[in-house]
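Here's the structure, in C-alpha cells; my notes come after.
Throughout, a chain's letter reflects where its sequence line sits, starting with A, and its residues are numbered from 1.
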Amino acid sequence: MSVVVAKQLVKTYVAGDIKVEAIRGVDFSIEPASFVSFIGPSGSGKTTLLNMIGCLDPPTSGQLQVAGQDITSLSRQEAARFRGEHIGFVFQDFNLIPVLTVFENVEYPLQMVQSWPNEKRKKRVLEMLDAVGMADQAHKYPSQISGGQKQRVAVARALVTNAKLVLADEPTANLDKETANRIIDLMKQMRDEFKTTFVFSTHDPRIVDNVEITFALEDGTLHRLEKSAGGDHA
Amino acid sequence: MRNIFKLAARNLFRYKRRTLLTSMLITLGVVSVLLFISVSGSFKALMVGQITDSMLGHVQIHKQGYLASVDSLPLNRNLTGKQIDKVVQVLAEEDAVEAYSMRIKLGAMFSNFIETTNIRLNAVTPVDEIKTAPLLTERILEGEKEGLLKPGEILIPELIAKGMKVKVGDGIVLVANNKDGSVNGQNFMVRGILEGISGPGGRDGMVHIEDAKTLLRIGAAEVSEVAIRLKDIDQLPAVFASLQEKLGSMKNQQGQPIFEVHTWESISPFFNIAKMIDLMTFFIKIMLVAIVLVSIMNVMIMAVYERINEIGTISAIGTLPNKILGLFVVEGFLMGVLGTAVGTAISLISIAIMNATQISFDFGRQTGLLLSPAIGVADVVLVVVIVIAIAVVASLQPAWKAAKMDPITALKHV
C-alpha cells in the first residue's frame with residue numbers, strides 16, 4: 001500500500017481579492033521505503049506540497065492519504081497527533097532545540113509527543129544516535145556541534161518514533177558538499193535499515209541523483225521524471 | 001509534566017539576565033508588600049493594644065442612647081438595678097470574657113482652691129479596672145501605681161496637672177451636679193498624674209466609684225458603662241455577636257432597646273486610621289499585582305517572539321497545542337515562584353533584623369513605642385499565592401499565542 005496517495009490535490013491561497021493556485025490538481029503516489037524528491041524553481045509549490053503531505057497545511061480540495069489515513073479534514077489537534085505518530089521532519093536549518101542536549105533532542109518526540117516509558121525510550125534514543133554516528137556526542141548541546149552533526153541529530157529525531165515517512169525540506173542546503181553527501185548517504189542507509197520513506201523538497205542535484213523517483217513541479221503542476229539508463233532524470 | 005518543567009526551567013536559564021531582572025522586580029514587590037504588612041500590622045496591633053488595654057476595653061455596654069450624648073456625660077442614661085444584674089448575668093455566661101469594669105462617667109468642676117476648671121472623670125472599682133485595662137497603671141506618670149487608687153484619691157490628667165499646677169499629694173475639690181441638678185462638693189487628694197492618650201476617655205481623670213456615688217448622691221447601683229476585656233481579641237466578632245443577641249435584642253415596656261453594645265472599633269477614631277492602613281495595604285497589593293503582571297507578561301511576550309521558529313519546530317514534530325501552552329505558562333509560574341521565594345526569604349530576614357534592632361517610634365503624644373514587626377503565615381501565603389497566580393495569568397496570553405501559532409508561519413520566521 002502506498003505511503004502517500006494524492007488525487008486531484010489543489011491548494012489555493014487567497015490574499016484579499018487575489019487567488020493564487022499553488023498546486024493545481026496533482027495526482028501522485030509514493031511507495032513505502034522509497035527515496036523521492038520534489039524539485040522545481042522557487043515558487044513552484046514544492047514546499048506547499050511537502051507541507052500538505054506533512055499535515056501542516058490542509059489542501060483546498062482533492063484527496064490526500066498518508067499512511068493509509070485521509071488527512072484532508074483533520075483538526076489542528078488531530079493533525080499534530082498524526083504528525084507525532086507517523087511523520088518525521090528534517091529541516092534546512094536543522095531546528096534543534098538549543099536548550100536540550102543531543103540526546104534530549106532525539107528523546108523529545110518520544111517524551112513530549114509519544115510518552116514512551118523511560119527505559120525503552122533511552123534504549124531507543126541510544127540506538128538512533130548510534131545509527132547516525134552521534135552516540136559519542138550525546139551530551140553536547142546543539143551549539144557545541146557542527147552543521148553536519150546537527151543534521152545527523154535531526155535525522156535521528158525524525159526516525160526515532162519509527163515514522164513511516166520523513167519529510168526533508170532542503171536538508172542539505174546549509175551544508176558543505178562533503179557533509180551533504182554524508183547526510184544523503186546516512187538517509188539512504190536509514191531508509192535501508194528502517195524501511196522509512198524519505199521525501200525531499202530540494203534544489204540539490206546531489207539529492208536528485210540519489211533518489212529513485214523525482215517529481216518536477218512547475219506552476220503548480222506535477223510531472224514525474226523518469227530516470228535514464230545513466231541514472232540521470234529526464 | 002516533569003519534562004515541561006525541565007524544559008521551562010532551561011529556557012529561563014537560557015536568558016539568565018532577563019530572568020534575573022524580572023525575578024528581582026517580583027522580589028522587590030514581594031519584599032515591599034510583606035514589610036509593609038508586617039510594619040503597619042505591628043503599628044496597628046500596638047496602637048489597638050494601647051487603646052483597648054489602657055482605656056477602652058474590647059467591648060462596651062451602655063444604656064441605649066448613651067454614646068450619642070456622651071459629650072454631655074448624661075447621668076440620666078446610666079444603667080441601673082436590674083439592667084446591671086442582667087449585664088452581669090450575661091457576662092458570666094461568656095467564657096471569652098476575661099474581666100469587666102463598671103464605670104460611672106461624670107463631669108465636674110475641678111478646683112485647686114485658687115483656680116477652677118472642668119474635668120471629665122471615670123469612676124471605677126480599681127481591682128476590676130486594672131483587670132480590664134491592664135496598661136492603665138503604665139499611664140500613671142507620677143505617684144503610686146500599685147492598686148490604682150483608694151477612696152478619697154484622684155488621678156488627674158497631665159494637662160490639668162500642668163495647667164492648674166497641681167502635684168501629687170495636693171488637695172483639690174470636685175464639685176458636680178447630680179441627676180436632679182443639685183450641686184455637691186467633695187475633697188480629694190491627688191494620687192497621681194495620668195498620661196493622656198489618643199481616643200475617647202484618654203484625657204479623663206479617675207476617682208473611686210464609691211466617691212462618685214457620694215459626690216453624685218447615687219444611692220442604688222448605677223453605672224454609665226461596662227467595659228469588657230476578652231481573653232483573646234480575635235474572639236471579638238463572636239463575643240460581640242453573642243452580646244448583641246442577648247442584650248441588644250432586649251426591649252423596655254415601650255418596645256425600645258435597653259442596651260447598646262459597641263466594640264472598640266466603633267468607639268475609637270483610631271479604627272479609621274486602622275482602616276486606612278488596611279486600605280493602603282490593599283493598594284500596595286494591587287501595585288504588586290501590576291508589577292508582576294506587567295513584568296511577566298512583557299518577558300513572556302519576548303520569549304514567545306524570540307522562539308517563534310522553535311515553536312514551529314516542536315509544533316511540526318507533533319507537540320500538542322496544550323503542551324506548548326503549558327510550557328510557556330510554566331515558565332511564567334517558575335519566574336513567579338523564584339521571585340516570591342527570594343522575596344519571602346528577604347522579608348523574613350528583614351523582619352528578624354528589625355526585631356533584633358528594636359526600632360522605636362512616636363505617635364501623637366506617645367513616645368518611645370517599640371516596633372515589633374511580625375507577619376502571619378496567612379499573609380505570607382496570601383501574597384505568595386497572589387504573585388504566583390498573577391504570574392500564571394500574565395503568561396496565559398503569550399502562551400495561548402504560542403499554542404495557536406501556525407507551524408508553517410512559525411517555521412518561516414527568521
Inset, instruction - Flag yes if more than 12 heavy atoms outside B:Lys401 fall under 6.0 Å of its NZ atom; otherwise flag no. - result: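 It does not: B:Lys401 NZ has 12 such atoms or fewer within range.
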
Inset, instruction - For each of A:Arg76, A:Arg81, A:Glu85, A:Gln77, tally heavy-atom pairs with chain B at distances under 4.5 Å, and name the one with the top tally. - result: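 If we count pairs closer than 4.5 Å to chain B, A:Arg76 comes out on top.
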
Using non-hydrogen atoms and a 4.5 Å limit, figure out which bit of [X] sits close to chain B: side chain, backbone, both or neither.
{"X": "A:Leu56", "result": "both"}
{"X": "A:Asn51", "result": "side chain"}
{"X": "A:Gln114", "result": "neither"}
{"X": "A:Leu100", "result": "both"}
{"X": "A:Tyr108", "result": "side chain"}
{"X": "A:Tyr141", "result": "side chain"}

Legend entry - A:Glu104 bridged to B:Arg10 by N-O distance under 4.0 Å: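 Looking at B:Arg10 together with A:Glu104, the answer is yes, because their closest N to O distance falls below 4.0 Å.
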
Legend entry - salt_bridge(A:Glu127, A:Arg124) N-O dist < 4.0 Å: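 Between A:Arg124 and A:Glu127 there is a salt bridge, with a charged N closer than 4.0 Å to a carboxylate O.
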
Inset, instruction - Measure distances from B:Ile408 to the heavy atoms of chain A and classify the residue's part below 4.5 Å as side chain, backbone, both or neither. - result: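 Contact with chain A: side chain only.
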
Legend entry - Residue part contacting chain A, namely of B:Ala9, when any heavy atom lies under 4.5 Å: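 Neither part, no heavy atoms under 4.5 Å.
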
Legend entry - Cation-pi check, A:Arg191 onto A:Phe35 ring (under 6.0 Å, within 45° of axis):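 Flagged: A:Arg191 positioned over aromatic ring of A:Phe35.
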
Legend entry - Quiz item: cation-pi between B:Lys16 and B:Phe13, 6.0 Å / 45°: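 The answer is yes; both the distance and angle limits are met.
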
Inset, instruction - May I ask you to name which of B:Pro321, B:Pro407, B:Ala316, B:Ser315 has the most heavy-atom pairs under 4.5 Å with chain A? - result: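 Heavy-atom pair counts peak at B:Ala316.
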
Inset, instruction - Return the option, out of B:Asp406, B:Thr319, B:Ile317, with the maximum number of heavy-atom pairs under 4.5 Å with chain A. - result: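 Highest number of pairs under 4.5 Å: B:Ile317.
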
Inset, instruction - Measure the acute angle between the ring planes of B:Phe333 and B:Phe5, then classify it against the limits of 30° and 60° as parallel, tilted or perpendicular. - result: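 The arrangement is perpendicular - the two ring planes meet at more than 60°.
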
Legend entry - Distance in Å, A:Phe38 CZ paired with A:Leu49 CG, rounded so as to fall on 0.5 Å steps: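 Between atom CZ of A:Phe38 and atom CG of A:Leu49 there are 4.5 Å.
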
Legend entry - Member of A:Val125, A:Leu129, A:Leu96 meeting the side chain to side chain contact (heavy atoms under 4.5 Å, CB included) criterion with A:Val102: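 Single side chain to side chain contact (heavy atoms under 4.5 Å, CB included) partner of A:Val102 among A:Val125, A:Leu129, A:Leu96: A:Leu129.
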
